[in-house]
Amino acid sequence: MTAIAGSERPGLQALDVIRLRTDFPILARTVHGKPLVYLDNAATTQKPRVVLETLASYYTDINANVHRGVHELSGRATDAYEASRERVRAFFGAASTQEIIFTRNATEGVNLVAYSFVKPRLRAGDEILITAMEHHSNIVPWQLACEGTGATLKVAPIDDRGALILDEFERMLTPRTRIAAVTHMSNALGTITPVADIVRLAHANGVPVLIDASQAAYHMPVDVRALDCDFLVATGHKLYGPTGIGVLFGKASHLETMPPFLGGGDMIGSVTFERSTWNALPYKFEAGTPNIAGAIGLHAALDYIEGVGFEAIALHERELLEYGTGVLESIEGVRLIGTAPRKASILSFVMDGIHPHDIGTIVDREGVAIRTGHHCAQPVMERFGIPATARASLAMYNTREELDALGRALRKVREVFV
Ligand SMILES: Cc1ncc(COP(=O)(O)O)c(C=O)c1O
């Protein structure tokens with residue numbers, strides 16, 4: 001990636017965003033006759049050309065089912081699929097590819113752990129600990145796991161800025177806690193949680209930890225061995241990769257003890273009508289034909305991210321977040337929701353007397369794509385006493401000019417309603 005001057009830290013290359021944007025074909029399109037300003041990255045990111053080309057070339061050149069054929073194409077598809085697993089292992093710093101399971105998305109990863117690791121261990125009186133800023137995908141699977149067991153879900157609170165109250169989290173770790181499941185970064189508030197401290201405190205109490213890295217993983221490096229987490233989930237479509245592919249990391253020592261999540265092809269060792277045995281890790285957890293193209297596309301996306309570099313991405317996004325905060329604060333009647341001291345890339349806000357849905361609809365007419373609603377985090381909305389927010393969320397390709405366009409569009413919203 002080309003660098004430009006302007007970085008204040010010697011040795012750190014700032015992004016040439018104008019050049020980088022040309023890697024993302026969709027960013028050149030218009031919406032309602034206006035240049036697209038895509039600020040809905042927390043929902044899904046846009047895809048660089050290399051990912052699109054990789055998908056096309058997979059289907060054009062080597063499409064075949066994996067792990068099953070002796071023919072040339074099947075071998076090549078299998079090699080590419082397994083090369084992606086190795087890429088994911090390296091990206092998240094896992095010790096072995098045995099610990100990397102391809103899922104459909106982050107949600108499936110949480111469900112897999114809830115069903116196969118936690119539920120079989122739950123007894124009446126047991127607890128599962130989450131935080132008040134979780135996405136529904138890290139709430140509902142735990143409610144389902146508790147059902148019929150007499151176990152309960154405990155929720156560590158957040159403060160008025162949207163930061164986790166770590167002392168409370170620690171206090172809520174009890175001898176009955178069977179898992180702590182915590183987001184690394186809130187999709188509704190942008191808060192970055194102190195995951196290293198969370199794992200340390202939980203482990204000191206003998207509690208395993210699942211980290212939801214769905215948001216964090218495309219903004220900052222996430223290393224499962226440095227964190228020493230037990231499980232981690234991520235989702236390909238936020239990592240500039242395809243939809244329908246996700247990642248579950250689990251420590252092999254846990255995965256080995258767990259029963260399969262889904263049954264069917266590829267996850268078996270042998271099958272008779274009387275009894276089946278399970279395949280080795282990680283295949284025990286990959287039933288049926290996997291998303292081969294998705295995994296291969298994800299490989300290209302991770303290469304792309306690392307080619308740009310997290311240091312440069314984080315620096316650029318931090319500057320944008322500061323600039324965007326200033327833009328929003330300059331508009332009368334705007335109130336930011338989520339102002340934790342450690343936050344990244346998310347500007348959630350409300351406007352006096354104007355429903356977020358109306359904000360989203362009007363700015364869309366200006367070509368500006370933001371998200372409005374509860375962002376699959378209804379308890380966060382409840383915590384702040386609001387039904388919904390408008391949310392602008394940033395990625396590596398956004399610019400100050402786009403945040404200015406958001407500001408202009410929001411001033412139009414005020415003209416309409418105030
Ligand atoms: C923090 C967080 N967790 C989990 C998810 C679920 O991701 P997916 O729908 O890809 O499973 C999201 C998606 O918005 C998210 O932001």
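Nothing here was measured: the structure is a model prediction, and the numbers come from that model. Below, all heavy atoms of this structure are taken into account, side chains as well, without hydrogens, waters or symmetry copies. Counting starts at 1 for both ligands and their atoms, in listed order.
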Is there a heavy atom of [X] sitting under 4.0 angstrom from any atom of ligand 1?
{"X": "K238", "value": "yes"}
{"X": "S137", "value": "yes"}
{"X": "R104", "value": "no"}
{"X": "D212", "value": "yes"}

What is the closest protein heavy atom to [atom], and at what distance does it sit?
{"atom": "atom 16 (O) of ligand 1", "result": "Q215 NE2, 2.7 Å"}
{"atom": "atom 15 (C) of ligand 1", "result": "H135 CD2, 3.3 Å"}
{"atom": "atom 8 (P) of ligand 1", "result": "T107 OG1, 3.6 Å"}

Exercise for the section: Go through ligand 1 atom by atom and flag the ones less than 4.0 Å from a non-hydrogen atom of T235. Expected result: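 Answer for ligand 1: 8 (P), 10 (O).
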
Exercise for the section: Within a distance under 4.0 Å of any heavy atom of N105, pick out the atoms of ligand 1 and give their elements. Expected result: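 Those atoms are 8 (P), 10 (O), 11 (O).
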
Is the centre of the [X] ring less than 6.0 Å from the centre of the [Y] ring?
{"X": "H67", "Y": "Y81", "value": "yes"}
{"X": "H374", "Y": "H136", "value": "yes"}
{"X": "F24", "Y": "Y397", "value": "yes"}

Taking atom types as modelled and ignoring hydrogens, do the side chains of [X] and [Y] form a donor-acceptor contact shorter than 3.5 angstrom?
{"X": "S393", "Y": "N41", "result": "no"}
{"X": "E317", "Y": "H219", "result": "yes"}
{"X": "H254", "Y": "D230", "result": "yes"}

Exercise for the section: Indicate, as side chain, backbone, both or neither, the part of H375 found under 4.0 angstrom from ligand 1 when only non-hydrogen atoms are considered. Expected result: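 For H375, there is no contact with ligand 1 at all, from either part.
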
Problem - Distance-only N or O hit between ligand 1 and A106, under 3.5 Å - result: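 Yes - when backbone and side-chain N and O of A106 are compared with those of ligand 1, one distance drops under 3.5 Å.
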
Problem - Any donor-acceptor pair under 3.5 Å from R225 side chain to G93 backbone - result: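 Indeed, once roles are kept as given, a pair shorter than 3.5 Å links the two residues.
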
Exercise for the section: Report the residue from V113, V209, L129 that forms a side-chain contact (heavy atoms from CB on, under 4.5 Å) with I179. Expected result: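 So, applying the side-chain contact (heavy atoms from CB on, under 4.5 Å) to I179 and each of V113, V209, L129, only V113 qualifies.
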
